[in-house]
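Keep in mind the model is a prediction, meaning the values are calculated, not measured. In this chain, residues are counted from 1 in sequence order.
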Amino acid sequence: QVQLAESGGGLVQPGGSLTLSCGASGRTFSTYVMGWFRQAPGKEREFVGCISRSSSSTYYTDSVKGRFTISRDNAKNTVYLQMNSLKPEDTAVYYCAASTRVVSAIRASEYAYWGQGTQVTVSS
């Protein structure tokens, strides 16, 4: 089992940048595919991106490609979401999650462990 905790959310102006972090407990962090999801008010939880166990592969939803970057540091049990060129439509609660899938996981149902979420608000 792994426990996840996100941090780094906040208020940012359109066009700005923000980096979210997700720390994990336990010694098996490197065995999980790590993903980021987001949920805006009144909307369903949406896949943002994921990173493979060794960082060899990353996947992103189309709306964030070229703006968001996922990375991980297995030595620090941490996964990051670097967000650039933020738009008001990026406003949401952002969640990190851990999956036992081998390379990638894009569906929420493929993730067994979730953090509590961190709010990101993009507004002038």
Side-chain angles (χ1 to χ4, degrees):
Q1 189 171 357
V2 61
Q3 293 182 324
L4 305 172
E6 303 93 338
S7 61
L11 174 64
V12 62
Q13 292 186 341
S17 298
L18 205 60
T19 299
L20 305 183
S21 300
C22 174
S25 65
R27 297 186 293 177
T28 60
F29 175 76
S30 62
T31 67
Y32 293 98
V33 167
M34 297 301 297
W36 285 95
F37 289 75
R38 64 187 180 186
Q39 188 166 19
K43 295 187 176 181
E44 293 188 353
R45 192 167 296 190
E46 173 191 28
F47 172 77
V48 173
C50 66
I51 186 167
S52 63
R53 294 176 292 184
S54 64
S55 302
S56 59
S57 300
T58 53
Y59 302 86
Y60 301 94
T61 191
D62 286 346
S63 62
V64 308
K65 283 180 181 177
R67 299 189 299 123
F68 289 12
T69 302
I70 297 175
S71 61
R72 67 190 294 166
D73 186 337
N74 287 341
K76 295 183 178 180
N77 282 11
T78 303
V79 61
Y80 305 95
L81 179 64
Q82 171 69 42
M83 303 183 292
N84 299 323
S85 302
L86 282 161
K87 305 175 181 180
E89 51 264 43
D90 294 317
T91 295
V93 176
Y94 283 72
Y95 299 89
C96 69
S99 171
T100 56
R101 297 282 290 181
V102 176
V103 176
S104 66
I106 64 173
R107 290 183 289 269
S109 60
E110 295 176 309
Y111 289 83
Y113 305 105
W114 293 83
Q116 81 288 352
T118 185
Q119 176 70 47
V120 172
T121 302
V122 184
S123 175
S124 55

### Message
Please tell me whether Ile70 and Tyr32 are part of a single hydrophobic cluster in this structure, the criterion being side-chain heavy atoms less than 4.5 Å apart.
### Response
yes
### Task
Side-chain contact test, heavy atoms from C-beta onward, threshold under 4.5 Å: evaluate it for Pro88 versus Pro14 and give yes or no.
yes
#### Entry: Pairwise side-chain contact, Tyr59 with Val103, heavy-atom cut-off 4.5 Å (strictly under)
yes
### Message
I'd like to know whether Tyr80 forms a side-chain contact (heavy atoms from CB on, under 4.5 Å) with Thr69, so could you lay out the CA-CA distance, the side-chain angles of the two residues, the decisive distance to 0.1 Å, and finally the verdict.
### Response
CA-CA 8 Å; Tyr80 305 95; Thr69 302; over 6 Å; no
### Residues Asp62, Lys65: salt bridge by 4.0 Å N-O rule
yes
### Query
After noting the C-alpha distance and the side-chain angles of Val33 and Glu110, does the key distance pass the side-chain contact (heavy atoms from CB on, under 4.5 Å) rule?
CA-CA 10 Å; Val33 167; Glu110 295 176 309; over 6 Å; no
### Query
Quick one: side-chain contact (heavy atoms from CB on, under 4.5 Å) partners of Gln116, sequence neighbours excluded?
Ala5, Glu6
### Query
Do Ile51 and Val2 share a hydrophobic cluster (ILVMFWY, side-chain heavy atoms under 4.5 Å, transitive)?
yes
### Message
What's the separation between atom CZ in Arg38 and atom OG1 in Thr61, rounded to the nearest 0.5 Å?
### Response
7.5 Å
### Contact summary for Arg72 and Arg53, nearest pair of heavy atoms
NH1-CA, 3.4 Å
### Message
Please determine whether residues Phe47 and Trp114 belong to a single hydrophobic cluster, defined as Ile, Leu, Val, Met, Phe, Trp and Tyr linked transitively by side-chain heavy-atom distances below 4.5 Å.
### Response
yes
### Query
Atom SG in Cys22, atom CG in Leu81: separation rounded to 0.5 Å?
10.5 Å
### Message
Exactly one of Tyr111, Phe37, Tyr60, Trp36 should register a side chain to side chain contact (heavy atoms under 4.5 Å, CB included) with Cys50. Which one does?
### Response
Tyr111
### Message
Assigning hydrophobic clusters by single linkage (Ile, Leu, Val, Met, Phe, Trp, Tyr; side-chain heavy-atom cutoff under 4.5 Å), is Val12 placed with Val64?
### Response
yes
Cut-off 3.5 Å, no hydrogens considered: what does the side-chain donor-acceptor table look like for residues 117-124, sequence neighbours left out?
{"from": "Thr118", "atom 1": "OG1", "to": "Gly9", "atom 2": "N", "distance (Å)": "3.3"}
{"from": "Gln119", "atom 1": "NE2", "to": "Ala92", "atom 2": "O", "distance (Å)": "3.4"}
{"from": "Gln119", "atom 1": "NE2", "to": "Thr121", "atom 2": "OG1", "distance (Å)": "3.3"}

#### Entry: Connected via hydrophobic side-chain network under 4.5 Å: Val79 and Tyr95
no
